[in-house]
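Heads up, the thing below is written out as structure tokens.
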Amino acid sequence: MKATGIVRRIDDLGRVVIPKEIRRTMRIREGDPLEIFTDKDGELIFKKYSPIGELADFAGQICDSLRRSTDSIAAVCDRDAVIAIAGGAKKELLDRPVSPQLTEIMDNRSAFRHASGGSSLPVTAADEKYCLSVAAPILSEGDILGCVLFISPRGSAPATELEFKLAQTVASFLGKQMEG
């Protein structure tokens with residue numbers, strides 16, 4: 001565990017403020033769920049909770065199915081990182097933070113499809129090899145949980161209508177799964 005040197009007091013309602021610098025660094029937004037852990041030494045640990053992250057194994061199976069159906073790289077991400085991928089690029093993209101452009105697509109709550117001739121958008125902030133072909137946000141009860149993605153190497157052909165519709169269908173399905 002890394003010490004920050006920041007000390008905060010608990011108010012009369014039991015609240016503690018997480019400093020802005022830490023929220024920015026950890027990509028914690030207003031309304032984000034936090035999981036609380038304790039240990040026998042009296043430590044409290046706050047961890048970002050990812051509802052879609054609990055479906056990582058299931059999302060991996062879906063990505064495998066999408067890969068077999070389309071022969072494209074398929075992935076699922078939560079609001080912060082790629083949690084499942086099939087068809088290559090695992091080493092470069094799995095568990096990596098999503099790019100600000102992908103975060104913006106999720107925040108806009110509408111599906112994205114890369115057009116030929118348009119500028120390509122990165123999947124993660126650190127990778128320049130792959131770009132988004134399709135991104136369909138996963139919405140559950142009005143909350144953005146993540147995105148279903150089709151990914152392609154930079155400079156390759158744009159996504160097909162089939163990939164666009166599949167991503168939207170799977171995103172809707174995952175959103176419904178999270179509601180139940």
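Values below: all heavy atoms of this structure, side chains included; hydrogens, waters and symmetry mates excluded. Nothing fancy with the numbering, it's 1 onward along the sequence.
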- Task: Return the minimal non-hydrogen interatomic distance between Cys131 and Arg154, and the atom names on each side.
- Result: CB-NH1, 3.9 Å
- Message: Membership question, hydrophobic clusters at under 4.5 Å side-chain separation (ILVMFWY): are Ile10 and Ile6 in the same one?
- Response: no
- Please name all residues satisfying side chain to side chain donor-acceptor pair (under 3.5 Å) with Glu163, sequence neighbours left out, ordered by chain then number. Ser72
- Could you give the distance from NZ (Lys91) to CZ (Arg96), rounded to the nearest 0.5 Å? 9.5 Å
- Message: Counting C-beta onward and ignoring hydrogens, is there a side-chain heavy-atom pair between Glu141 and Met178 closer than 4.5 Å?
- Response: no
- Please answer whether the main-chain N or O of Ser110 pairs with a side-chain N or O of Asn108 as donor and acceptor at a distance below 3.5 Å. no
- Note on the structure: Minimal heavy-atom distance between Ala136 and Ala171, with the atoms involved, is O-CB, 3.5 Å
- What's the spacing between Met106 CE and Ile138 CD1 if we round to 0.5 Å? 9.0 Å
- Query: In terms of hydrophobic clustering (I, L, V, M, F, W, Y; side-chain heavy atoms under 4.5 Å; direct or indirect links), are Phe37 and Val16 co-clustered?
  - Reply: no
- Message: Would you compute the distance between atom CG of Leu149 and atom CZ of Phe112 and round it to the nearest 0.5 angstrom?
- Response: 10.5 Å
- What pairs meet the side-chain hydrogen bond (donor to acceptor under 3.5 Å, both in side chains) rule with one or both residues in residues 165-175, with sequence neighbours excluded? none
- Query: If you round to the nearest 0.5 Å, how far is CG of Asp57 from CD1 of Ile83?
  - Reply: 9.5 Å
- Item | Any side-chain heavy-atom pair of Leu174 and Leu145 under 4.5 Å | no
- Is there side-chain contact between Ile144 and Arg109, with heavy atoms separated by less than 4.5 Å? yes
- Distance-minimising heavy-atom pair for Cys63 and Ala84: SG-O, 3.9 Å
- Message: Please find the pair of heavy atoms, one from Ser156 and one from Pro153, that lie closest to each other, and give the distance.
- Response: OG-O, 2.7 Å
- Query: So if you build clusters from Ile, Leu, Val, Met, Phe, Trp, Tyr with side-chain heavy-atom gaps below 4.5 Å, do Phe150 and Phe173 land together?
  - Reply: yes
- Do Val170 and Val76 pass the side-chain contact (heavy atoms from CB on, under 4.5 Å) test, and can you show the C-alpha distance, the side-chain angles, and the key distance before you say yes or no? CA-CA 10 Å; Val170 170; Val76 173; 5.6 Å; no
- Task: May I have all residue pairs that pass side-chain hydrogen bond (donor to acceptor under 3.5 Å, both in side chains) and include part of residues 124-134, sequence neighbours excluded?
- Result: Ser133-Ser152
- Task: Check the hydrophobic clustering (I, L, V, M, F, W, Y; side-chain heavy atoms under 4.5 Å; chains of links allowed) and say if Val17 and Leu34 are grouped together.
- Result: no
- Query: Considering only heavy atoms from C-beta outward, does the side chain of Arg113 approach that of Pro158 to under 4.5 Å?
  - Reply: no
- Are the side chains of Val148 and Ile62 in touch, meaning some heavy atoms are under 4.5 Å apart? no
- Can you name the nearest heavy-atom pair linking Gly88 to Ile73, along with the distance? O-CG2, 3.8 Å
- Message: If you compare all heavy atoms of Arg79 against all heavy atoms of Thr103, which two are closest, and at what distance to 0.1 Å?
- Response: O-OG1, 4.4 Å
- Working to the nearest 0.5 Å, report the span between CD1 of Ile22 and NZ of Lys20. 13.5 Å
- Heavy-atom neighbours of Arg9 CZ exceed 12 at 6.0 Å: no
- Query: Quick one: do Leu44 and Ile18 end up in the same hydrophobic cluster if we chain Ile, Leu, Val, Met, Phe, Trp and Tyr together by side-chain heavy atoms under 4.5 Å apart?
  - Reply: yes
- What's the spacing between Leu102 CG and Cys77 SG if we round to 0.5 Å? 4.5 Å
